[in-house]
Amino acid sequence: MFDTALAWLREPQQQLQAALRWAAVQTLRAGKLPKHVAFIMDGNRRFARQRHIARIAGHSAGFDKLKETLQWCLDLDIRIVSVYAFSIENFNRSKEEVDALMQLALEKFETLLDESEVLHQHQVSVRIVGNMDLLPEALQRVLGKVVYETRAYTKAILNVCFAYTARDDITTAANRILTALDEGRIQSWLISVYLLEYYHPVWFTKVLWPDFGFYDMLECIVAYQRAAPVVSRLRAQQFAVEQQGLRVRLNALLAQLGGEGDGRSSPFEAGTRQSEKVAALEEEQRYRVQTYVRALREAAMARYATLAAAYD
Ligand code: FPP
Ligand code: MG
């Protein structure tokens, strides 16, 4: 009885909160929004300590917060989200904590599969970034199943960084690039231009991940909106520098191949032919990179298919 009366009081307050959120989202949507947001879910154990609850309960609260945050991203029309779930360094934690985290991840991904309508409804493609070999086999299978089931979706992407480290990622990427170079699939002057990205603005908050709230997220977006003009100017400058460098290297390559012209045509004609050749070479290399990246993706997907079949 008393509860019902309180609910009546609570309701207008909740409606007001929802209206305020809606207004805040609309205001931010009028400005430039990031296409891709990455979250480092840090602070789960401190959160647990503060509340005198078990460590794993802190991690579980962290997972619940992730679900909530993904909904906010959808509201803001941010369609690509990456989450740093578990780094390779995290394996140095006590066996008890690592085992509990792996078990938690297994349970959460199994639940996600059982309630996969939400992924299908929003057409979310889930991807795993990291070295899956380091994870327990049962977890690999369920991850494989989620990735494989959602592989065709393109409306939204959720990258779960699981068993990652920057060093491991760079080593793996460098090894793949070296193999591609050895196999003649790509050429060295392409690497910086097409395979690496620059200037990712990072926002640090003191808030522990499970305490992260809707307005903390808006604060990050406002910081992004403030930084956006500077970042795009820097990107444009960097792009111009890279294009210039690429052209210099392409021209050198053409000269090496004897593509400077026959010496009889006018400098203008030679220049035109030169730029056409440069454009053709660029196009060819872009095609090679795309083919190479597609082959990598297909190989990874074949593995997910095997894992998914083993899950069923
Ligand atoms: C960092 O907080 C959090 C982790 C190392 C684990 C995060 C894992 C989850 C939220 C559950 C699984 C998630 C998915 C997506 C399957 P911390 O432990 O470093 O806490 P602290 O900084 O307070 O010590
Ligand atoms: Mg931490």
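For clarity, every value in this text was computed on a predicted model and none was experimentally measured. Atoms within each ligand, like the ligands themselves, are counted from 1 in listed order.
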Going by atom types only, do Tyr153 and His120 share a side-chain donor-acceptor pair under 3.5 Å?
yes

Can any side-chain N or O of Trp72 pair as donor or acceptor with the backbone N or O of Phe214 at less than 3.5 Å?
no

Filtering Gln50, Arg93, Lys65, Glu89 for the heavy atom nearest atom 19 (O) of ligand 1 leaves Arg93

Atom indices of ligand 1, in the order listed, that fall short of 4.0 Å to a heavy atom of Arg46:
21 (P), 22 (O), 23 (O)

Would you mind checking which non-hydrogen protein atom is closest to atom 6 (C) of ligand 1, with the distance to 0.1 Å?
Ala85 O, 3.2 Å

Does the distance from a Lys or Arg side-chain N to an Asp or Glu carboxylate O, for Lys145 and Glu149, drop under 4.0 Å?
yes

Closest approach of any protein heavy atom to atom 16 (C) of ligand 1, naming residue and atom:
Phe109 CE1, 3.3 Å

Contact partition for Trp209 relative to ligand 1, non-hydrogen atoms under 4.0 Å
neither

CA sep, side-chain torsions, deciding dist, call: Val147, Met301, side-chain contact (heavy atoms from CB on, under 4.5 Å):
CA-CA 8 Å; Val147 173; Met301 203 43 80; 4.2 Å; yes

Heavy atom of the protein closest to atom 3 (C) of ligand 1 (residue, atom name, distance)
Met41 O, 3.2 Å

Quick one: which ligand 1 atoms are inside 4.0 Å of a heavy atom on Asn90?
5 (C)

Per-atom filter on ligand 1: closer than 4.0 angstrom to a heavy atom of Phe63 are 10 (C), 13 (C), 14 (C)

Numbered atoms and elements of ligand 1 in range of Leu66, under 4.0 angstrom, heavy atoms
15 (C)

Taking 4.0 angstrom as the limit and counting only heavy atoms of Leu104, give me the atoms of ligand 1 inside it, by number and element.
11 (C)

For atom 24 (O) of ligand 1, closest protein heavy-atom neighbour:
Arg45 NE, 2.9 Å

Please check this pair: side chain of Ser116 against backbone of Leu113, looking for a donor-acceptor N/O pair closer than 3.5 Å.
yes

Name of whichever N/O/S atom of Asp42 is nearest to the Mg ion (ligand 2):
OD1

What's the separation between atom CD in Glu219 and atom CE in Met217, rounded to the nearest 0.5 Å?
12.5 Å

Does the distance from a Lys or Arg side-chain N to an Asp or Glu carboxylate O, for Glu97 and Arg45, drop under 4.0 Å?
yes

Whether the Glu107 and Gln103 side chains hold a donor-acceptor pair (N or O, under 3.5 Å, no angle test) is what I'd like checked.
yes

